[in-house]
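First up is the structure itself, then whatever we jot down about it.
Note that this is a predicted model, so its numbers are computed, not measured. Chain A is the first sequence line, chain B the second, and so forth, proteins listed ahead of strands; every chain is numbered from 1.
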Protein chains: 2
Amino acid sequence: MRGKGTTKRVTITDVAKAAGVSKTTVSRFISGDIESLAEDTFKRIARTIEALNYRPSKLARGLKGRRSYLIGVVLADITNPYSTAILRGAEDACHKHGYNLLACNTDNNPEKERNYILMLQSHHIDGLIINTTGQNNTLLQTLSAENLPIVLVDREIPDFNADMVTVNNRQAIAQATQFLIHRGYKRIAYFTQPIRGISTRTERVQAFSAALNEAGLATNQDVYEVDSEEQIRSSIQRFLSSSEEHPRVIFAGNAVILLKVVLELQRQGIHVPREVGILGFDNPDWAEIVQITTLAQPTYLIGVQAVEQLLKRMNGEEEPYQHIALPVELMVRGSTPNV
Amino acid sequence: MRGKGTTKRVTITDVAKAAGVSKTTVSRFISGDIESLAEDTFKRIARTIEALNYRPSKLARGLKGRRSYLIGVVLADITNPYSTAILRGAEDACHKHGYNLLACNTDNNPEKERNYILMLQSHHIDGLIINTTGQNNTLLQTLSAENLPIVLVDREIPDFNADMVTVNNRQAIAQATQFLIHRGYKRIAYFTQPIRGISTRTERVQAFSAALNEAGLATNQDVYEVDSEEQIRSSIQRFLSSSEEHPRVIFAGNAVILLKVVLELQRQGIHVPREVGILGFDNPDWAEIVQITTLAQPTYLIGVQAVEQLLKRMNGEEEPYQHIALPVELMVRGSTPNV
DNA sequence: TTGTAAGCGTTATCAA
DNA sequence: TTGATAACGCTTACAA
């Protein structure tokens, strides 16, 4: 009973009474079990529901053991346009199927993540979409074993059996790196957020090194794990002063790093692309304005697919777990001219 | 029962049995009613809960009539950085208090909005935060009358009694307009998304006209309601060709319009700020990169405040409804030089 | 085609 | 300090 006065909710019992039938019959109506209802009864119930303005309680339905119509989404950072787009896609898909989304934000903090997972569990979510820190694998395993459908997005967990929706990071990185080499860049620096065992970041760095090796270019020394402005500033300086004799370019591992790098270059008055080129993973809307070459992920689609996959599992599909890898598109813009 | 095999959830009954006490006693433990528990009992229950890995069901608690620990957030567009930031703030505040957020996206579509509100109701949400289309006022009134705490963010509803968290649009617009005039601009065009009775948009346009009038400048003919790229293109042309003899500037009513306008100017090769200045309401992260003067809203704070206000109401606070108007900050950048 | 009654996991009331 | 028991609003065997 919130607030002051108490207005009680219209329940299935009210409808049953008013329509002169049993709760069961009304329940059948609600669940769409129409065939087993006399036409007359059907109409009467329909009218009554309309008149009383009745809305079945998903809460009560959920408790009884079927579905809560709730899907949990646990993301590392809601503010990141990448996450937002996923959220958006997932939300649309949910709405289409009568589900609601419980949105959680972990800030890449494993404890917060754990906390959220437990909260979601206590809400009896029907499925979980998670962009995980990778530090709560046991808990996730348990939930999965308890038959909670889980879809991992963006990041994988080794030896974890679950559906996954990601992009093909290796291929994307290879494509972009080769593109840069073809354009004539001799020194390529890869800037990433701290790797910390996060699969996506590891994969991208590895693919980057592999692509450089394959092209016979120096490797490894040009991977920078950065986070703070200070780190970014010093890394940029280190890279630029060590590569003065060559055409060079910075490859930013995601949109967050990309933004910070661009801002820092600007602050230092370093001209793009004359002094250094730039290419970014993720394609934030401003990349077009600033004319930055990017790898665009189908983020919206990732969200939609994750929900679709969840729904399949919730409906009892038994097929082996799938790893859906969606394609990434290279958007060539002005920040990476031929050199 | 989702999936295939069925693992049943650990319930309060299991704990009670294992600990050799009644459900009631365990319930007391859960609800933090510690004083009425013997120390021995307390410890035993604690151990049992730990051992069985028990998590109380918020669903069941919700049904029983207390709280669902769910707060609904209905936003016009989750992708808009403005909305995202609110979501982020609200999410943080919720988490702090053990609540979860049900995130909904209406695309400014009144029917979708109505749909969502009803869905949220059926989940027994404890409170609602809404950035409304303004077309479901009756429904909102009803819910409010049924004691659902509601907080309006960003947009108001005339004659609607509820708490509100917004920014002071009039003051912000006045400040920015005067700033532009002081800088020497003689023609100022205001670009807004279709107004359609949305309070925020109306207010901003009115404040804009008022500020121009006060300064003795021509008014009204320079307000453009735009949405599609086509409309933006033609409006820009109309404005520029009608103002050739004066220093001029475009005032974008929000971040969505700002982005579109900047892109369009770029496509047409129109130089900012030499040929036309730009100022935007909202302060997306890329505004710093492109050096655009903006009005920055404390979006994160809006989300936090909305939740705090909700919690107060849920805890029975009876004070008159409040309208919290947070300050906007003018971020002066390169797109509006002295002319 | 419809209804009865038990139960989902909690909390509230009343007794002990 | 503890416990029985009846709700909360719905679904689901099982009957009729």
Residues B:Glu91 and A:Asn105: side-chain donor-acceptor under 3.5 angstrom
no
Closest non-hydrogen contact found for A:Ile157 with A:Leu152 is N-CD1, 3.8 Å
Return no unless some side-chain N or O of A:Thr11 is found under 4.0 Å from OP1 or OP2 of D:dG9.
no
Under the ring-ring contact (aromatic ring centres under 6.0 Å, His included) rule, collect the residues that match up with A:Tyr54, sequence neighbours excluded.
none
Trace of the side chain to side chain contact (heavy atoms under 4.5 Å, CB included) decision for B:Lys312 with B:Glu319:
CA-CA 10 Å; B:Lys312 276 192 202 161; B:Glu319 286 177 21; over 6 Å; no
In whole Å, what is the span from the NE2 atom of A:His123 to the C1' atom of C:dC8?
17 Å
Derivation of the ring-ring contact (aromatic ring centres under 6.0 Å, His included) call for A:Tyr116 and B:His95
CA-CA 8 Å; A:Tyr116 266 125; B:His95 185 245; 4.4 Å; yes
Report each atom pair, protein N/O against N/O of nucleotides 12-16 of chain C, whose distance is under 3.5 angstrom.
{"from": "C:dA12", "atom 1": "OP1", "to": "B:Arg66", "atom 2": "NH1", "distance (Å)": "3.4"}
{"from": "C:dA12", "atom 1": "N6", "to": "B:Thr24", "atom 2": "OG1", "distance (Å)": "3.3"}

Tell me: CG of A:Leu59 to C1' of C:dC8, nearest whole Å?
11 Å
Separation of D:dC8 atom P from A:Asp14 atom CG, nearest Å, is 10 Å
Between the CG atom in A:Leu102 and the CG atom in A:Leu120, the distance rounded to the nearest 0.5 Å is 6.0 Å
Is there a donor-acceptor contact under 3.5 Å linking the side chains of B:Ser22 and B:Thr25?
yes
In residues 38-58 of chain B, which ones come under 4.0 Å of DNA chain D, going by heavy atoms?
B:Ala38, B:Thr41
Can you tell me how far P of D:dC8 sits from CZ of B:Arg61, to the nearest Å?
19 Å
Interatomic distance where CZ belongs to A:Phe29 and C1' belongs to D:dT12 [whole Å]:
19 Å
For B:Ala60 and for B:Leu37, locate the closest nucleotide of DNA chain D by heavy-atom distance; then report the residue assigned to the nucleotide nearer the 5' terminus.
B:Leu37
Roughly, in whole Å, what's the span from CZ in A:Arg67 to P in D:dC10?
18 Å
Considering just the side-chain nitrogens and oxygens of A:Thr25, establish if one lies under 4.0 Å of OP1 or OP2 belonging to C:dG3.
yes
Starting from C1' on D:dA13, measure out to CG on A:Asp33 and report it in whole angstrom.
14 Å
Under 4.0 Å, heavy atoms only, any strand: does B:Ile12 hit a base, just the sugar-phosphate, or nothing?
base
Regarding B:His124 and A:Ser57, is there a side-chain donor-to-acceptor distance under 3.5 Å anywhere?
yes
DNA chain C: A:Gly20 or B:Ile30, which has the more 5' nearest nucleotide?
A:Gly20
Would B:Arg44 and B:Asp40 pass as an ion pair if we require N to O under 4.0 Å?
yes
